[in-house]
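Just the heavy atoms: all of them, side chains too, but no hydrogens, waters or symmetry mates, feed the values below.
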Amino acid sequence: MAEKAITGAQAQIEDQYVTAIIVTHDGVTWLPEVVAALSAQKHQPDEIVAVDNGSKDGSIKLLSNAGISVIKQSRTAGFGSAVAAAVAKLPPFITESGEQEWLWILHDDCSMHPDALKKLLEAIEDKPQAIMAGPKLLGWHDKSHLLEIGVSIASDGARWTGLEPHEYDQGQHDGVRDVLAVSTAGALVRRDVFVELGGFDPNLSLFRDDVDFGWRARVAGHSVIAVSDAKGFHAQAAASERRSADVKEAFLHRPLLLDRRNAAYVLLVNSTWWMLPWVVLQLLGSAT
């Protein structure tokens, strides 16, 4: 009986076609563990593709040796541009009844727990209105350090997770819950909706593209969920300046400056017209 129950539960997610997209940029320090974790997934993605934004280390060689095809971009290409390049190379949509296509977006510095993809798909099966699901993100070295489980934005544009600094994970935020957005690290998003919404905003080459996309998805009537049973271990290499942010905005190479610029942009482009004066005042106040 137990074997039949397991087989039945697994059959519920077999109709979901998943393409894993790994975005790399000088990530060879973390990439071996990321690739190993991907191959260890209990529910394997149907396809894996990588997009490399001008790595100068051994990232491309490592991916090629692992049998993963690599699309090459310039060093100043943004994260959203990399995902868009991968989606553009995919074959036409599957049309068989009952099948959905999903993009599993992976950072080169975020290792996913072997259960991660399986748990994300199971959560979506229980919440069919959800078009995007993200994992609980924990520290790369300190796996008890809770980084994110869903994300929102404060009135002054600050990234808001609802967590205390260096909060210890004791399951206090566990469950499946609706959120404004989830981090792109380990996010599972339905391909047709991703394309319909235009993907990640090209004006956000790095940082805040997740909040912007989630916001637009919610406005379009879709649901975004955070799934605590799915776990990822994130080094946050760009935000912590363990690698350079080689984006087109050369004067914004510092992560803090780029993040603040993008925060203001996300608020301004997604706010309704009658809220704009108030948003501008909030942004001016936070800049002083």
Side-chain angles (χ1 to χ4, degrees), residues 10-25 27-28 30-53 55 59-73 77-125 128 130-135 182-200 209-210 213 227 230-232:
Q10 182 65 26
Q12 291 181 338
I13 64 174
E14 287 299 329
D15 287 339
Q16 313 300 324
Y17 189 95
V18 179
T19 298
I21 300 173
I22 310 173
V23 178
T24 61
H25 177 79
V28 76
W30 310 276
L31 204 49
E33 193 166 333
V34 171
V35 172
L38 184 57
S39 65
Q41 289 299 305
K42 292 181 181 178
H43 183 92
Q44 283 289 308
D46 298 276
E47 185 176 356
I48 303 172
V49 61
V51 184
D52 182 82
N53 285 351
S55 290
S59 293
I60 295 176
K61 182 179 180 181
L62 189 152
L63 290 165
S64 298
N65 288 343
I68 299 172
S69 61
V70 183
I71 300 169
K72 299 176 184 178
Q73 293 207 125
F79 184 88
S81 168
V83 177
V87 173
K89 292 285 187 179
L90 296 181
F93 287 100
I94 293 173
T95 58
E96 285 84 349
S97 176
E99 289 189 323
Q100 293 280 5
E101 286 194 68
W102 298 87
L103 308 173
W104 194 24
I105 302 169
L106 302 171
H107 292 199
D108 60 2
D109 63 342
C110 186
S111 173
M112 305 307 299
H113 187 279
D115 276 336
L117 181 55
K118 179 174 179 287
K119 294 298 183 182
L120 290 172
L121 288 169
E122 287 175 351
I124 285 170
E125 185 69 29
I131 58 88
M132 191 173 193
V182 292
S183 170
T184 54
L188 189 69
V189 57
R190 218 171 77 191
R191 178 183 170 186
D192 60 338
V193 177
F194 185 81
V195 172
E196 175 189 318
L197 295 177
F200 297 121
D209 46 0
D210 49 5
F213 184 84
V227 183
K231 300 176 184 177

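The nearest pair of heavy atoms linking A85 to I71 is O-CD1, 3.9 Å. P45 and L117 get closest at one heavy-atom pair: N-CD2, 3.8 Å. Annotation for K42 and D115: closest pair CD-OD1, 2.8 Å, computed over non-hydrogen atoms. Of all heavy-atom pairs spanning V51 and A82, the tightest one is CG2-O, 3.3 Å. Closest non-hydrogen pair, L63 versus A50, comes out as CD1-CB, 3.7 Å. In plain terms, the two heavy atoms of P135 and G186 that are nearest each other are CD-O, 3.5 Å.
When the options E47, E101, E196 are evaluated for a salt bridge (charged side-chain N to carboxylate O under 4.0 Å, His left out) with R191, the one that passes is E101. Exactly one residue among V189, V49, L188 makes a side chain to side chain contact (heavy atoms under 4.5 Å, CB included) with L103. That residue is V189.
Ring geometry, F200 versus F79: the interplanar angle falls from 30° to 60°, so the pair is classed tilted.
A donor-acceptor pair under 3.5 Å links the side-chain atoms of D108 to the main chain of H25, judged by distance alone. Panel note: side chain Q100, backbone D15; no donor-acceptor pair is recorded below 3.5 Å. Looking at Q44, its side chain does come within 3.5 Å of a backbone N or O of L38 through a donor-acceptor pair. Side-chain N or O atoms of S59 include one that pairs as donor or acceptor with a backbone N or O of G27 at under 3.5 Å. Looking only at distances, a side-chain donor or acceptor of D46 sits under 3.5 Å from a matching main-chain atom of V18. Put simply, the side chain of Q41 gets close to the backbone of H113: a donor and an acceptor are under 3.5 Å apart.
Applying the side chain to side chain donor-acceptor pair (under 3.5 Å) criterion to Q73, with sequence neighbours excluded, gives N53, S81. Not counting sequence neighbours, K231 has no partner by the salt bridge (charged side-chain N to carboxylate O under 4.0 Å, His left out) test. Scanning for salt bridge (charged side-chain N to carboxylate O under 4.0 Å, His left out) contacts around D192 gives R190, with sequence neighbours left out. Shown here are the salt bridge (charged side-chain N to carboxylate O under 4.0 Å, His left out) partners of D209, two or more places apart in sequence or in another chain: there are none. For W104, there are no side chain to side chain donor-acceptor pair (under 3.5 Å) partners at least two apart in sequence or on another chain. In this structure, D52 has no salt bridge (charged side-chain N to carboxylate O under 4.0 Å, His left out) partners at least two apart in sequence or on a different chain.
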| task | Apply the test side chain to side chain contact (heavy atoms under 4.5 Å, CB included) to residues M132 and V182: give CA-CA distance (whole Å), side-chain angles for both, the deciding distance (0.1 Å), then the verdict. | result | CA-CA 8 Å; M132 191 173 193; V182 292; 4.0 Å; yes

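Note that CG of L31 and CD1 of I68 are 7.5 Å apart. Values are rounded to the nearest 0.5 Å. Of the inter-residue distances, the one linking I48 atom CD1 with I21 atom CD1 reads 11.5 Å to the nearest 0.5 angstrom. Here SG of C110 is found 12.0 Å from CD1 of I105. Values are rounded to the nearest 0.5 Å. Atom OG1 of residue T19 and atom CG of residue L90 lie 5.0 Å apart, to the nearest 0.5 angstrom.
Put simply, the side chain of S64 reaches to within 4.5 Å of the side chain of V70, judged on heavy atoms. Within the 4.5 Å cutoff, the side chain of W102 has heavy atoms near those of the I124 side chain.
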